[in-house]
Amino acid sequence: MSPKDILEKYKNGEMTLTEALEHIPDRGIEEMGFATIDTDRCKRTGLPEVIYASGKTVEQVSQIAERMHQKGIDVLATRATPEMFEAVKERIPGAQYNALAKTIIYKQTTQPCSKGYIMVVAAGTSDMPVAEEAVETAQFLGNRVEKVYDVGVAGLHRLFHRLELIRNARVIIVVAGMEGALASVVGGLVDKPVIGVPTSIGYGANFQGLSALLSMLNSCASGVSVVNIDNGFGAACQASLINKL
């Protein structure tokens with residue numbers, strides 16, 4: 001029965017509102033009381049519903065993940081703890097956990113990997129948790145990802161022997177704490193979009209990432225955009241949309 005037929009029957013009094021709603025297979029909303037899953041988000045925006053686990057209980061995260069799995073939605077949870085992963089794994093046995101990125105992933109759909117690739121460049125080893133969140137997210141969204149770590153401005157020569165790989169990417173994510181200068185450096189060397197991700201890594205005057213954020217926002221290199229502090233997830237989403245244009 002088509003949605004038009006359902007509405008006609010409801011209009012003519014042949015069907016109650018409850019019966020009509022039961023016949024509509026997907027309204028784009030999955031009510032859970034404490035959460036409302038946007039089941040139509042991927043079709044609407046190109047980016048699926050994702051669980052931001054921080055601030056949620058272990059039970060809430062596991063229940064949301066299970067419901068998404070039941071609805072055929074691939075599961076990505078960010079800022080997830082090991083305890084959350086264990087609870088999710090009980091409900092979804094094939095789920096995977098990246099302890100460094102703090103991500104839980106379960107893919108039940110297959111999609112062709114993008115032809116172009118996203119490059120993730122991290123200034124220091126201490127920036128890797130944020131960089132890995134970006135890598136995990138970008139791969140989850142169906143992108144090929146390459147990464148280069150620990151090539152910050154304190155030893156800039158480390159960057160140059162990987163420069164060809166970086167330049168051949170379709171979009172580049174640069175993750176840096178301290179003074180956040182690496183985004184400007186990379187932006188001055190490539191002809192591709194650069195997404196700067198400031199991290200909260202640094203000593204006191206770093207102000208939990210504020211100094212890196214301001215440095216990237218004030219970049220004199222053209223083509224550098226900036227996401228929020230430690231937001232590897234947001235950078236990967238933006239990079240994925242660019243890569244798939």
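Residue numbers run from 1 in the order of the sequence given. Because the structure is a prediction, the values reported are computed rather than measured.
The distance from atom CD of E49 to atom CD1 of I73, rounded to the nearest 0.5 Å, is 7.0 Å.
Annotation: side chain of M128 is in contact with side chain of T125 (closest heavy-atom distance under 4.5 Å). The closest side-chain heavy-atom distance from K102 to T81 is not below 4.5 Å. Under the 4.5 Å side-chain criterion, counting only non-hydrogen atoms from C-beta, E146 is in contact with R144. When side chains are defined from C-beta on, V175 does not count as touching V121, because their heavy atoms never get closer than 4.5 Å. Contact of the V61 side chain with the V88 side chain is registered, since non-hydrogen atoms from C-beta on lie closer than 4.5 Å. Q139 has its side chain out of reach of N143: every pair of non-hydrogen atoms, C-beta onward, lies at least 4.5 Å apart. Side-chain contact check for I51 versus T78: every heavy-atom pair is 4.5 Å or farther apart. A 4.5 Å side-chain heavy-atom check between V226 and L213 finds at least one atom pair inside the cut-off.
Within the structure, no pair that satisfies the ring pair (Phe, Tyr, Trp, His ring centres under 6.0 Å) test touches residues 141-161, not counting sequence neighbours. Here side chain to side chain donor-acceptor pair (under 3.5 Å) pairs that include residues 223-236, with residues two or more places apart or in two chains, are S200-D230. Note on residues 177-189: pairs passing side chain to side chain donor-acceptor pair (under 3.5 Å), not counting sequence neighbours, are S184-S219.
Under the 4.5 Å side-chain contact rule for hydrophobic residues, Y52 and V227 do not share a cluster. If you chain together hydrophobic residues whose side chains sit under 4.5 Å apart, L163 and V153 fall into the same group.
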List the atom pairs, donor and acceptor, that lie under 3.5 Å between side-chain atoms in residues 166-174 and the rest of the protein, sequence neighbours left out.
unit_1	atom_1	unit_2	atom_2	d
R167	NE	L189	O	2.9
R167	NH2	L189	O	3.2
N168	ND2	E164	O	3.2
R170	NH1	N243	O	2.6

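Residues passing the salt bridge (Lys or Arg N to Asp or Glu O under 4.0 Å) test with R91, sequence neighbours excluded: E59, E66. For N218, the side chain to side chain contact (heavy atoms under 4.5 Å, CB included) partners two or more places apart in sequence, or in a different chain, are L214. A search for salt bridge (Lys or Arg N to Asp or Glu O under 4.0 Å) contacts involving E133 returns R79, not counting sequence neighbours. In terms of the salt bridge (Lys or Arg N to Asp or Glu O under 4.0 Å) criterion, residue partners of E14 (sequence neighbours excluded) are, by chain and number, K9. Annotation: side chain to side chain contact (heavy atoms under 4.5 Å, CB included) contacts of K89 (sequence neighbours excluded): F85, E86. Under the side chain to side chain contact (heavy atoms under 4.5 Å, CB included) criterion, R158 pairs with D150, V151, sequence neighbours left out.
Within a 6.0 Å sphere centred on NZ of K56, heavy atoms belonging to other residues, nucleotides or ligands number more than 12. By the neighbour-count criterion of 12 heavy atoms within 6.0 Å, atom OH of Y117 is densely surrounded, having more than that number from other residues, nucleotides or ligands.
Judged purely by atom type and a 3.5 angstrom limit, D127 has no side-chain atom pairing as donor or acceptor with the backbone of A176. Remark: side-chain polar atoms of S240 are not paired, donor with acceptor, to backbone N or O of A236 under 3.5 angstrom. In this structure, the side chain of Q60 engages the main chain of T57 through a donor-acceptor pair within 3.5 Å.
If you chain together ILVMFWY residues whose side-chain heavy atoms come under 4.5 Å of each other, Y203 ends up grouped with M178. Through chains of ILVMFWY side-chain contacts below 4.5 Å, I105 is grouped with L47, V50, L76, F140, L141, F233, L241.
With no hydrogens or angles considered, a side-chain donor-acceptor pair links N98 and E132 at under 3.5 Å.
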